[in-house]
Amino acid sequence: MEMNGGQALIKALETEGVEVMFGLPGGAILPVYDPIIDSTIRHILVRHEQGAGHMAEGYAHATGRPGVAMVTSGPAATNIVTPLCDAYMDSIPIVVITGQVGTAAIGTDAFQECDTVGITRSVTKHNELVMNAEDIPRAVREAFHIATTGRPGPVLLDIPKDIVDPKNPRSAMEWYWPTDAEIEAGLPGYKPTTRGHAKMIREAANLILESRRPVIYAGGGILKARAAEALRELAELTGIHVVTTLMARGAFPDSHPLCLGMPGMHGNFTAVTSMQKADLLIALGSRFDDRVTGKVATFAPDAKIIHVDIDPAELGKVRRPDVPIVGDCRLVIEELVRAVRDLGGGDAQPDRSAWKSQVSGWQEKYPLTYQQSEAGEALKPQFVLEHLRDSTPEDTIVVSGVGQHQMWTSQYWRFDHPYTFVNSGGLGTMGFAVPAAIGAKVGMPDRTVWAVDGDGCFQMTAQELVTAASERIPIKVAILNNAYLGMVRQWQEMFYEERYSEVYLSPDLPDYVKWAEAMGCVGLRVESPEEVQSAIDKANGIDDRPVVIDFRTDSNEKVFPMVPAGASNDEIVVDPSQSQTEVHVVQ
Ligand SMILES: Cc1ncc(C[n+]2csc(CCOP(=O)(O)OP(=O)(O)O)c2C)c(N)n1
Ligand SMILES: [Mg+2]
């Protein structure tokens, strides 16, 4: 079938099964926007290209399917660099298509030309400047294959205008669709290992059966590998506690008796300390991020390490594993379960009752806590989150921005299902929440989607609520408006002698209710604890447009526990109301 490159690009996306894409047109990508009119793909017109990238990420987080964004060249391509980097850091499969100036103009500083593949090389899993129309179907198939297999990640295709412009003879091509075998043969260097090494798996099973203080350190890879069920089987077979990192919240149910919750800089005391005192860490799809390890030299000093990851570059990057296993988390965990069973299963393990009672002792002594406000005092952000959590369906998808509100959301929500927490972990991108929530809602239209955002974050990408209102995507946004860049304020209070430098934002400039209304949303304001529940109920009852609630919260509230940056996890600072004594560990 004869067609032009622009038609082929859209047909290739349709053939890949793309149902929705997020984008904004411009000169260089114009010819590809024309066939969208006749396409089955829903296109969502964003207000800023960063929004398109985060929407694609939110869609991928929530559905497991690759998110797609399409933007023009130059400033549009640079606007989408942040989401590419975000997706790269958090291993989110997205495919981004950028327009480029015509092949003959490349390198001439043409209008809206930039070196997109150069700029994005270090923030994409793969990128390609496609030089010929007949390469388009192959390039698209490769892009989806690379984005979704192995360690998932962002792939960018840069498309010069002449190869898609029907007025240019260079755009003429014959349609074809490469087979899986052709795609794999065309990528000889790309063969992700999915099956773990049998001998290593046996060794891991032996270590598990010998260990007295084991902890499963579950990371975002569990979700990417759709390994939540396998993880549960392993934990229940062995009775080993599980910590779920910020990127893995929901991968193991918070209400499960073996769940210890989030470790790391703002993790709870028990999750942090049990890792610290463990004699074996079973790291599954986790990457020893500095926010988890604290000072690496003193991290879990007595622990042997089993490290399972599909990306061989992760093994030994931060901490040398005793048993490294390259492979897909789900497949490896399933094999590990078999290997443990072969060796006698849970009953073949040593008595761990002393360790278990130590863990539950920590849980009792150091639960997450905050001081409730007295009548007339400022609203506590944690109080808002508890009410929100208890007033929404259990499978609500929660999307957060970056800052204190993000940490409180992770701490105070109860994540009992995978793919219910969408947030920016590795890059920590302020402005992520609103567009990512839109993407999540587009992918999961029957689910309730709440964004919990900071006032600072909200101001970065709030305009995407115009997109949500005009496209009838009824997300809900809770702004925890503490009038500050709160997380930075917290560091200045604790580590810069309360010298507050450029962190004050004002509670009422902008007026968030009026702003929400101007964008076609319902706007509500809550200033005291008594108003919280009715506002949440009202928001939950609105389903024909987005809702924004401006919760005026206490500016002074800090996130605890906290391991100061660069400090050892042994130096965890708990809530001031909890007396902290030195932690001894049973052997
Ligand atoms: C794009 C971007 N710029 C700066 C930062 C640094 N930063 C991290 S948290 C934070 C404050 C966030 O403020 P807000 O959204 O109000 O959330 P809060 O901490 O008050 O809950 C800042 C400035 C960042 N993470 N991302
Ligand atoms: Mg704030």
Side-chain angles (χ1 to χ4, degrees), residues 91 149-152 190-245 247-248 251-252 256 258-260 263 274-275 278-289 292-293 299-300 302-350 352 355 418:
S91 308
T149 52
R151 180 179 188 160
Y190 181 72
K191 294 230 178 323
T193 304
T194 54
R195 298 234 159 243
H197 195 287
K199 184 169 157 281
M200 290 295 175
I201 290 173
R202 234 174 298 126
E203 255 179 62
N206 276 320
L207 273 190
I208 289 172
L209 293 183
E210 282 163 18
S211 68
R212 298 189 164 266
R213 304 188 305 280
V215 174
I216 294 175
Y217 162 26
I222 295 284
L223 293 172
K224 307 300 173 339
R226 310 206 92 74
E229 249 176 69
L231 169 63
R232 190 174 175 141
E233 205 180 346
L234 177 67
E236 288 179 350
L237 172 68
T238 55
I240 297 177
H241 290 109
V242 180
V243 302
T244 48
T245 68
M247 296 315 294
F252 189 71
H256 194 289
L258 290 171
C259 190
L260 300 182
S274 61
M275 286 178 88
D279 69 350
L280 176 66
L281 285 181
I282 306 160
L284 304 173
S286 49
R287 59 182 180 86
F288 295 81
D289 180 73
V292 169
T293 61
F299 173 64
D302 301 331
K304 292 202 165 156
I305 308 284
I306 298 168
H307 194 172
V308 181
D309 206 291
I310 196 149
D311 182 355
E314 285 300 341
L315 305 181
K317 185 183 81 178
V318 176
R319 172 81 176 251
R320 193 187 61 80
D322 297 272
V323 181
I325 305 177
V326 179
D328 172 89
C329 261
R330 183 176 64 76
L331 298 177
V332 173
I333 296 171
E334 285 170 2
E335 289 294 328
L336 198 50
V337 163
R338 237 164 275 150
V340 169
R341 284 221 174 92
D342 288 348
L343 292 169
D347 296 341
Q349 303 182 105
R352 298 194 185 118
W355 169 246

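No experiment lies behind these values; they were computed from the predicted model shown.
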side-chain contact (heavy atoms from CB on, under 4.5 Å), paired with Leu231, selected from Val337, Ile222, Ile282, Leu223:
Ile222

Exercise answer: donor-acceptor pairs, residues 191-207 side-chain atoms, under 3.5 Å, sequence neighbours excluded:
unit_1 : atom_1 : unit_2 : atom_2 : d
His197 : ND1    : Lys199 : N      : 3.2
Asn206 : ND2    : Arg202 : O      : 3.4

The reported gap from OG1 in Thr293 to CZ in Arg287 (rounded to nearest 0.5 angstrom) is 10.5 Å

Using the side-chain hydrogen bond (donor to acceptor under 3.5 Å, both in side chains) rule, collect all pairs that involve residues 310-321, keeping only residues at least two apart or in two chains.
Arg151-Asp311, Arg151-Glu314, Glu314-Lys317

Which atoms form the tightest heavy-atom contact between Cys329 and Gly221, and what is the distance?
CB-O, 4.2 Å

Audit row: Ile208, Leu343, side-chain contact (heavy atoms from CB on, under 4.5 Å) steps and yes/no:
CA-CA 11 Å; Ile208 289 172; Leu343 292 169; over 6 Å; no

So, does Gln349 use its side chain to make a donor-acceptor pair with the main chain of Gly346 at under 3.5 Å?
yes

Rounded to the nearest 0.5 Å, what separates atom CZ in Arg352 from atom OG1 in Thr238?
6.5 Å

Applying ring-ring contact (aromatic ring centres under 6.0 Å, His included) as the test, list every pair that has at least one member in residues 302-346; sequence neighbours left out.
Phe288-His307

Go through it in stages, so that I can follow the logic: the residues are Leu234 and Leu284, the test is side-chain contact (heavy atoms from CB on, under 4.5 Å), and I'd like the CA-CA distance, side-chain angles, deciding distance and then a yes or no.
CA-CA 11 Å; Leu234 177 67; Leu284 304 173; 4.2 Å; yes

Distance col, row Ile310:CD1 vs Leu315:CG, nearest 0.5 angstrom, shows 11.0 Å

Gly239 to Leu258 - nearest heavy-atom pair and separation
O-CD2, 3.5 Å

Rounded to the nearest 0.5 Å, how far does NE2 of His241 lie from CZ of Phe252?
9.0 Å

In a check of side-chain contact (heavy atoms from CB on, under 4.5 Å) between Tyr217 and each of Ile305, Val292, Ile306, Thr244, which one passes?
Val292

For residues Glu335 and Arg338, determine if any side-chain heavy atom of one lies less than 4.5 Å from a side-chain heavy atom of the other.
yes

Pair Glu229 + Arg232: basic N to acidic O under 4.0 Å:
no

Shortest non-hydrogen separation from Leu281 to Ala278 and the atoms involved
CD2-CB, 4.0 Å

I'd like to know if the side chain of Asp279 reaches the main chain of Ser211, judged simply by a donor and an acceptor atom lying under 3.5 Å from each other, with no hydrogens or angles considered.
no

Considering all heavy atoms, the nearest Gly220-Ala248 contact
N-CB, 3.9 Å

Between CD1 on residue Ile333 and CD1 on residue Ile325, distance to nearest 0.5 Å:
10.0 Å

Out of curiosity, Ser274 OG to Ile216 CD1, how far, rounded to the nearest 0.5 Å?
11.5 Å

Can you name the nearest heavy-atom pair linking Arg330 to Ala225, along with the distance?
CB-O, 3.5 Å

